[in-house]
2 protein chains.
Amino acid sequence: MRIGELSAATGVDVETIRYYEREGLLAAPARQTNGYRAYGTSHLERLAFIRHCRALEIPLADIQRLLDFAARPTAECGDIDHLIDEQLLKVRARLKSMRALEKQLGELRKRCNAHHAVGECGILHELVAAAHGEACACHGDALSSTGGKRK
Amino acid sequence: MRIGELSAATGVDVETIRYYEREGLLAAPARQTNGYRAYGTSHLERLAFIRHCRALEIPLADIQRLLDFAARPTAECGDIDHLIDEQLLKVRARLKSMRALEKQLGELRKRCNAHHAVGECGILHELVAAAHGEACACHGDALSSTGGKRK
DNA sequence: TGAAACTCTGTAGCCGCTCCAGGGTCAAGG
DNA sequence: CCTTGACCCTGGAGCGGCTACAGAGTTTCA
């Protein structure tokens, strides 16, 4: 199977497949005499596994760990549970902040429905009010956990 | 006000403040004779505005646009409404996929609660089953919109 | 006086891709 | 036989929004 066929079979972009190989997630396949990558069914399965994990937003580094576990079937699986638990916690935390966000944006949106001059725009007023530290309809305490990476 | 004080006053990291300046979001301040940045209250307000928008996960490019609008108070504000609407749509779409995600991870997590060998681990089995295209408890149709940028 | 805390510039790294340039390879059609 | 177009290759840059250095100068306090 050439890379384009693997791509079509899995729905994964050709560039992404090569990227996974570079990152060591997908084993480097054999090559045809012309240098083209030649994939087998094991690659197909592995790639499907990776994509399934990615659909669950598991980071590539953790997928690597899962693959390592899968290769040692006699090991303890506690770490797998833990990994999924952590992923679940991450998702729940994010969900919580997204819900707050939706509410805030919704409140903000209500401030302006008509077309008028920017100077009268309730949305902009509200955003500027926040800059003065005044109470504002849209904004609770969501300044933390905005998605940026903090150490 | 020096950069450290501005940072303390707003809770924005010093490096981030300099980053906003480089990106053109925050006007370059005057300099003291020693080369240190000297900020005034206008910078403080503007930075608070930016952070408030970022807390709403408005992209920097859109914040730039909002700032441009604010500078021309006689313009029409329809575009502001539109910008917030789009942001709201983005958040709602993301919220939807996150909810599905939580459900899937929750299902997956149920597959394994005890410590036993990896070969028996329901989680790993489930993930591998997906690789074979079998039906799996955790996975609906969330392969699209996983956060990666697609064109 | 000297050490700690601050500031400066410039650059590289993070994640997970995505896209591009500049080439080689191959099958089908004229 | 030659061209066209689809495919494949490598290597490198770019995205967003920071974050983290290195290596230098400056200020502040004991």
Side-chain angles (χ1 to χ4, degrees), chain A residues 1-26 28-39 43 47 50-65 87 90 94 97 101 143-151, chain B residues 1-26 28-39 43 47 50-65 87 90 94 97 101 143-151:
Chain A
M1 203 179 352
R2 298 198 310 196
I3 199 167
E5 298 171 74
L6 182 61
S7 170
T10 56
V12 180
D13 193 278
V14 165
E15 305 267 22
T16 304
I17 295 173
R18 284 195 281 247
Y19 170 72
Y20 288 160
E21 182 182 330
R22 276 201 302 285
E23 296 298 299
L25 277 150
L26 196 58
R31 298 286 183 139
Q32 294 172 357
T33 46
N34 58 15
Y36 289 12
R37 288 171 178 81
Y39 294 99
H43 292 98
L47 186 53
I50 293 171
R51 288 315 278 191
H52 189 70
C53 292
R54 286 297 301 133
L56 298 171
E57 298 194 14
I58 297 171
L60 294 184
D62 285 349
I63 296 175
Q64 183 74 274
R65 291 178 54 208
Q87 187 60 24
K90 263 193 253 173
R94 181 80 180 123
S97 80
L101 199 51
L143 271 162
S144 47
S145 75
T146 54
K149 289 154 222 153
R150 312 202 188 290
K151 66 172 166 184
Chain B
M1 203 178 354
R2 299 198 310 196
I3 199 167
E5 299 171 74
L6 182 61
S7 169
T10 56
V12 180
D13 194 278
V14 165
E15 306 264 23
T16 304
I17 296 174
R18 284 195 282 249
Y19 170 73
Y20 287 161
E21 182 182 329
R22 275 202 302 284
E23 296 298 299
L25 277 149
L26 195 59
R31 297 288 182 138
Q32 295 172 356
T33 45
N34 57 15
Y36 287 13
R37 287 170 179 82
Y39 294 99
H43 292 98
L47 186 53
I50 293 170
R51 287 315 278 190
H52 189 70
C53 292
R54 286 297 300 134
L56 297 172
E57 298 194 14
I58 297 172
L60 293 184
D62 285 348
I63 298 176
Q64 183 73 276
R65 290 178 55 207
Q87 188 60 24
K90 264 192 251 173
R94 180 78 178 126
S97 80
L101 200 50
L143 270 162
S144 48
S145 76
T146 55
K149 290 153 218 151
R150 312 203 189 288
K151 67 171 169 185

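A, B, ... follow the sequence lines: proteins, then strands. Residue 1 opens every chain. No experiment lies behind these values; they were computed from the predicted model shown.
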Residues 15-26 of chain B side chain polar contacts: donor-acceptor under 3.5 Å, at least two apart:
from  : atom 1 : to    : atom 2 : distance (Å)
B:Y20 : OH     : B:R51 : NH1    : 2.7
B:E21 : OE1    : B:R37 : NE     : 2.8

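For the OP1/OP2 pair of C:dG16 and a distance below 4.0 Å, the side-chain nitrogens and oxygens of A:R18 include no atom meeting the criterion. Side-chain nitrogen and oxygen atoms of B:Y19 include none within less than 4.0 Å of the OP1 or OP2 phosphate oxygen of D:dG16. At the phosphate of D:dG17, neither OP1 nor OP2 sits under 4.0 Å from any side-chain N or O atom of B:T16. Between B:N34 and C:dT7 there is no side-chain polar atom (N or O) within less than 4.0 angstrom of OP1 or OP2. An OP1 or OP2 oxygen of D:dG16 is reached within less than 4.0 angstrom by no side-chain nitrogen or oxygen of B:R54. Taking side-chain N and O atoms only, B:R37 has no distance below 4.0 Å to OP1 or OP2 of C:dT7.
Taking the side chain of A:I3 as heavy atoms from C-beta on, and the options D:dC8, C:dT18, D:dC18, the nearest nucleotide is D:dC8. You'll find that the side chain of A:D13 is closest to C:dT18, out of C:dT18, C:dG16, C:dC6. Nearest nucleotide to the side chain of B:R31, out of C:dC17, C:dC8, C:dT7: C:dC8.
Contact of A:Y36 with C:dG24 (side chain to base): a donor-acceptor pair of N or O atoms is detected under 3.5 Å. Checked by distance alone, B:E5 brings no side-chain donor or acceptor within 3.5 Å of a matching partner on the base of C:dC6.
Following rounding to the nearest Å, A:E21 (CD) and C:dG16 (P) show an atom-to-atom distance of 18 Å. Going from atom CD of B:E57 over to atom P of D:dG17 covers 10 Å, rounded to whole Å. If you measure from atom CD of B:E23 to atom C1' of C:dG10, you get 15 Å, rounded to the nearest angstrom. Between the P atom of D:dT19 and the CG atom of B:L60 lies a distance of 12 Å, rounded to the nearest Å. Across the protein-nucleic acid pair, A:Q64 atom CD and C:dG16 atom P stand 12 Å apart, rounded to whole Å. One interatomic measurement links the two molecules: NZ of A:K90 to P of C:dC15, which rounds to 11 Å at whole-angstrom precision. A straight line from CE of B:M1 to P of C:dC6 spans 16 Å, rounded to a whole angstrom. Rounded to whole Å, the distance from CG on A:L47 to P on C:dC17 is 11 Å.
Counting only distance, with no hydrogens or angles, the side chain of B:Q32 and the backbone of B:A38 share no donor-acceptor pair below 3.5 Å. A side-chain donor-acceptor contact under 3.5 Å links A:R54 to the backbone of A:I58.
Residue order along DNA chain D, read from the 5' end via each residue's closest nucleotide, puts A:A38 first among A:A38 and A:R22. Mapping B:G35 and A:E15 onto DNA chain C by nearest heavy atom places B:G35 closer to the 5' end of the strand.
Summarising the geometry of A:L101 relative to B:A55, their closest heavy-atom pair is CD1-O, 3.1 Å, with the distance given to 0.1 Å. Heavy-atom minimum distance, B:P59 versus B:K90: CG-NZ, 3.6 Å. Of all non-hydrogen atoms in B:E57 and B:Q87, the two that sit nearest each other are O-NE2, 2.7 Å.
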